[in-house]
Structure formats: structure tokens, C-alpha cells
Amino acid sequence: MSEALHSYLAAWLFVLGLSLGSMANLMVHTLTGGRWGEPVRPAWAAASRLMPFVALAALPILLGAASIFPWAHDPGRWLNLPFFEVRSVAYLVVFSALAWLAPVKPRLAAPGLVIYTLTISLASFDWIVSLMPHWYSSGFGLVVGTGQMLAGAAFGVAVAARAWRDRDDEGARLRFNDLGNLLLMYVLTWAYLAYTQYLVIWSENLPHEIRWYVPRTQTGWAALGFFLIAFHFFVPLLILLSRTAKRAPRIAGGIAAALLVAHLADVYWLVIPSVRPDGISVRWSDPVMLAILLAGWWLLWRRSMRATAAEPEALAHA
């Protein structure tokens with residue numbers, strides 16, 4: 001049961017990132033304005049509106065927390081089941097409220113981004129870091145939040161590229177050039193934050209701090225780490241430096257899709273080695289839980305997308 005719940009937690013965090021990342025990017029576009037958001041804003045609005053579904057999907061995690069988190073059998077003042085469940089519900093309520101209000105309340109964008117940053121930092125400690133309850137990092141929440149925003153941006157670009165794949169006019173090229181720069185910024189920011197966290201912790205070499213990296217660098221999980229270095233950073237960086245690649249919807253869409261796969265690997269790298277520290281392994285529940293949650297999210301997103309397309313407000317700030 002615990003293995004299936006660990007798989008479910010990782011899969012749930014991936015779909016959570018799609019909705020929250022879309023919501024955060026929607027707020028960024030509301031603040032900055034510009035026609036660059038025209039291709040992606042409908043997809044972001046539809047994805048952010050799925051946050052209540054994602055929140056409901058967290059129910060197995062809340063009910064099975066005693067089997068997921070090791071601190072449940074040795075609770076403390078912060079990490080105990082009643083308080084953990086209250087905090088988790090509070091995070092999900094805040095996320096759902098922000099996601100539903102973001103497309104229709106432009107004045108919420110600036111404070112909403114601040115609230116999102118603070119809330120996802122706290123939530124990432126409860127849902128990810130506490131799998132190793134004696135480890136901590138002050139920058140971990142920023143790594144998780146940046147990864148979610150990268151995933152949301154990549155999802156929007158992938159959807160937009162499919163819709164605009166046959167357009168070859170200057171307007172399309174300019175918009176995708178801007179979207180490519182957005183992806184490039186997120187790739188660089190994620191890499192900087194992840195590397196800085198690793199460098200600071202590893203250089204101090206304190207046992208209670210490096211314990212999180214030991215199974216990720218000294219077992220078979222290191223292979224997944226090298227995959228992330230290559231395909232979550234170096235390869236997309238080299239391609240996105242090309243102006244020609246960024247301006248072509250088909251190429252930009254391919255890069256975005258590849259970044260979504262890399263982000264999925266990143267989520268599993270953040271979660272699973274904490275509960276399977278002996279080396280890289282795949283359980284039957286990993287693909288099954290991911291398929292169930294992702295299929296449900298995708299079907300609901302398509303329905304939400306149709307509803308969003310019928311609302312002029314979705315593009316009101318494009």
C-alpha cells in the first residue's frame with residue numbers, strides 16, 4: 001500500500017504543477033501584458049481552473065499520510081497528522097481560490113504571485129521534504145515553484161504550437177520568439193536554483209544536510225540526475241539560444257513537450273529516492289498512478305478548454 005501511495009504522491013505532484021504553473025504564468029502575463037500571451041493564455045486559464053479537481057485528488061494522500069510519511073509514527077509539534085492535514089487543506093483551498101480568481105481578477109495578480117510563492121514553499125516542505133524529516137533547505141520551495149512555472153509555460157507552449165503549427169506569418173514568429181525566451185528564462189532559473197542548493201549543501205558536507213543527496217548521487221538514481229542535467233538544462237538551453245528554433249511553432253512545441261517529460265522526471269527525482277534510497281527502481285504503481293491522474297486531468301482540461309474558448313475574458317489581457 002505504501003509503495004502505491006508514494007507513486008500516487010509523485011504523480012499527483014506532477015498534475016498539481018501543471019495547474020499551479022499555469023496559474024502562476026497567467027498572473028505573470030496579467031502583470032506584464034503583451035501579445036505574446038495570446039497563444040497560451042486560454043490553455044493556462046483552462047488548466048488553472050482544474051485546481052479544485054487536483055485538490056480533490058489529494059484525498060488519498062491525506063487519508064494515507066500515515067503510510068506515506070515516516071514522521072507519522074514519531075510525530076512532533078509541526079509534523080503530526082492532524083496539523084499536517086489542516087495545513088494541506090489550507091494550501092489547497094488557497095491554491096483553488098487563486099486559480100479560479102486569477103483569470104477574472106487582474107488586481108489579484110501581484111499579491112497572488114507572492115501568496116503562491118509563500119504557500120508552495122510551505123507545501124513543498126510538507127509534501128516532499130518531510131519524506132526525509134530531518135533534512136531541510138531554505139531554497140527548496142523556490143526550486144519546486146520554478147519547476148512548476150516551467151511546466152506550466154511548457155504546457156501552454158506545447159498546446160499553442162499545435163494550434164498555430166500551420167501559421168508562418170511574422171506575428172506568429174514574434175509571439176513564439178517571446179514564448180521561447182520565457183522557456184529559456186525558466187530553464188536558466190531552475191538550473192541556477194537547483195545547482196546553488198546542491199553546491200551550498202555539498203560544500204558544507206554536514207551529515208544532516210547531505211543525507212537528501214546521498215541516495216540521489218551515490219546510487220543508481222544518479223543516472224536520473226544526469227538525465228535532468230542534460231534534458232532539463234543543457235539540451236533545451238542550446239536549442240532555445242537559437243532564434244530560428246524559438247520562432248518556429250513546431251520546433252518550439254517539440255522543445256516544450258520535451259521539457260514536460262523532463263519535469264516529470266524531476267518530480268520523481270524529488271520524491272521517489274527518499275522512499276527507495278537503495279537505487280533506481282520502477283514499481284508497477286508508478287505508471288499506473290500517473291496514467292490514472294494524467295488521463296483524468298487531461299480529459300477535464302479539454303472540457304475546461306472548450307468552456308474557456310467561449311469566454312472572451314480569457315483573452316482580455318492578452
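Checked against the 6.0 Å centroid criterion, the rings of Trp212 and Tyr136 do not qualify as a close aromatic pair. Aromatic pair His29/Trp44: ring centres not closer than 6.0 Å. For Trp135 and Phe140, the ring centers sit closer than 6.0 Å to each other. Checked against the 6.0 Å centroid threshold, Phe233 and Tyr195 do not count as a close aromatic pair.
The environment of CZ in Arg283 is crowded: more than 12 heavy-atom neighbours from other residues, nucleotides or ligands sit within 6.0 Å. With a 6.0 Å radius and a threshold of 12 heavy atoms from other residues, nucleotides or ligands, Tyr192 has its OH atom at or below the threshold.
Residues Leu290 and Asp286 fail the side-chain proximity criterion, which asks for heavy atoms closer than 4.5 Å. Side-chain contact between Val159 and Trp301: present, with at least one pair of heavy atoms (C-beta onward) separated by less than 4.5 Å. Leu118 is listed as a side-chain neighbour of Val114, based on a closest heavy-atom distance under 4.5 Å. Residues Tyr268 and Phe14 are not in side-chain contact: their nearest non-hydrogen atoms beyond the backbone lie 4.5 Å or more apart. Counting heavy atoms from C-beta outward, Leu108 and Thr30 have side chains that stay 4.5 Å or more apart. Within the 4.5 Å cutoff, no side-chain heavy atoms of Thr219 are placed close to those of Asp278. Taking 4.5 Å as the limit, every side-chain heavy atom of Gln148 sits out of range of all side-chain heavy atoms of Ser124. The side-chain heavy atoms of Ile272 and Ile280, taken from C-beta on, include no pair separated by under 4.5 Å.
Although no hydrogens or angles enter the test, the distance criterion places no donor-acceptor pair under 3.5 Å between the side chain of Ser48 and the main chain of Met23. In terms of modelled atom types and a separation under 3.5 Å, the side chain of Thr119 and the main chain of Tyr116 share no donor-acceptor contact. Distance alone, capped at 3.5 Å, is enough to place a donor-acceptor pair between the His6 side chain and the Ile68 backbone. Remark: the backbone N or O of Gly33 is paired with a side-chain donor or acceptor of Trp36 at under 3.5 angstrom. Without hydrogens or angle criteria, Trp221 side chain to Arg276 main chain gives a donor-acceptor distance under 3.5 Å. Asn80 places a side-chain N or O within donor-acceptor distance of the main-chain N or O of Arg77, the cut-off being under 3.5 Å. The backbone N or O of Pro133 sits nowhere less than 3.5 Å from a side-chain atom of Ser130 that would complete a donor-acceptor pair.
Placement of Leu9 and Leu81 within a single hydrophobic cluster is found when ILVMFWY residues are connected by side-chain heavy-atom separations under 4.5 Å, directly or transitively. Transitive grouping of hydrophobic side chains (ILVMFWY, heavy atoms separated by less than 4.5 Å) keeps Trp100 and Met27 in distinct clusters. Leu264 and Ile229 fall within the same hydrophobic cluster, defined by Ile, Leu, Val, Met, Phe, Trp and Tyr side-chain heavy atoms under 4.5 Å apart, directly or through other members. Hydrophobic cluster membership differs between Trp284 and Leu293, with clusters built from Ile, Leu, Val, Met, Phe, Trp and Tyr side chains linked at under 4.5 angstrom.
To the nearest 0.5 Å, the span separating CZ on Arg211 from NE2 on His134 amounts to 6.5 Å. Rounded to the nearest 0.5 Å, atoms CZ (Arg243) and CG (Asn177) are 6.0 Å apart. Note: Leu101 CG to Arg49 CZ = 10.5 Å, rounded to the nearest 0.5 Å. We find the CG-CZ distance between Leu50 and Arg303 to be 10.5 Å, quoted to the nearest 0.5 Å. The structure places NZ of Lys246 at 11.0 Å from CG of Leu182, a figure rounded to the nearest 0.5 Å. Annotation: the span from Leu179 atom CG to Leu174 atom CG amounts to 11.0 Å, rounded to 0.5 Å.
Salt bridge absent: Asp178 and Arg247 never bring a charged side-chain N and a carboxylate O closer than 4.0 Å.
Between Val187 and the choices Ile255, Leu150, Thr146, the side chain to side chain contact (heavy atoms under 4.5 Å, CB included) rule is met once, by Leu150.
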Quiz item: So Ile292 and Val288, side-chain contact (heavy atoms from CB on, under 4.5 Å) or not? Walk me through it.
Solution: CA-CA 6 Å; Ile292 292 172; Val288 170; 3.9 Å; yes
Quiz item: How far apart are the C-alpha atoms of Ser274 and Arg216, what are their side-chain angles, what is the distance that settles it, and do they pass the side-chain contact (heavy atoms from CB on, under 4.5 Å) test?
Solution: CA-CA 9 Å; Ser274 296; Arg216 290 167 172 82; 2.8 Å; yes
Exercise. Under the side-chain hydrogen bond (donor to acceptor under 3.5 Å, both in side chains) rule, what do Ser2 and Ser67 come out as? Steps first, then yes or no, please.
Key: CA-CA 5 Å; Ser2 61; Ser67 299; over 6 Å; no
Exercise. With side-chain contact (heavy atoms from CB on, under 4.5 Å) as the test, would you mind laying out the steps for Trp190 and Met149 before giving the verdict?
Key: CA-CA 10 Å; Trp190 174 86; Met149 294 184 75; over 6 Å; no
Self-check item: side-chain contact (heavy atoms from CB on, under 4.5 Å) between Phe69 and Leu79, intermediate numbers included
Solution: CA-CA 9 Å; Phe69 300 100; Leu79 292 177; over 6 Å; no
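Pairs passing the side-chain hydrogen bond (donor to acceptor under 3.5 Å, both in side chains) check and including a residue from residues 14-25, sequence neighbours excluded, read Ser19-Trp297, Asn25-Tyr186.
Here the closest heavy-atom approach between residue Leu260 and residue Ala151 is recorded as CD2-O, 3.4 Å.
For the pair Arg87 and Tyr91, the cation does not sit on the ring face, since its NZ or CZ is not both under 6.0 Å from the ring centre and inside 45° of the axis.
In summary, the side chains of Tyr213 and Gln197 do present a donor paired with an acceptor at a separation below 3.5 Å, with no hydrogens or angles considered.
Taking the ring-ring contact (aromatic ring centres under 6.0 Å, His included) definition, one finds that Phe227 meets it with Phe231, sequence neighbours left out.
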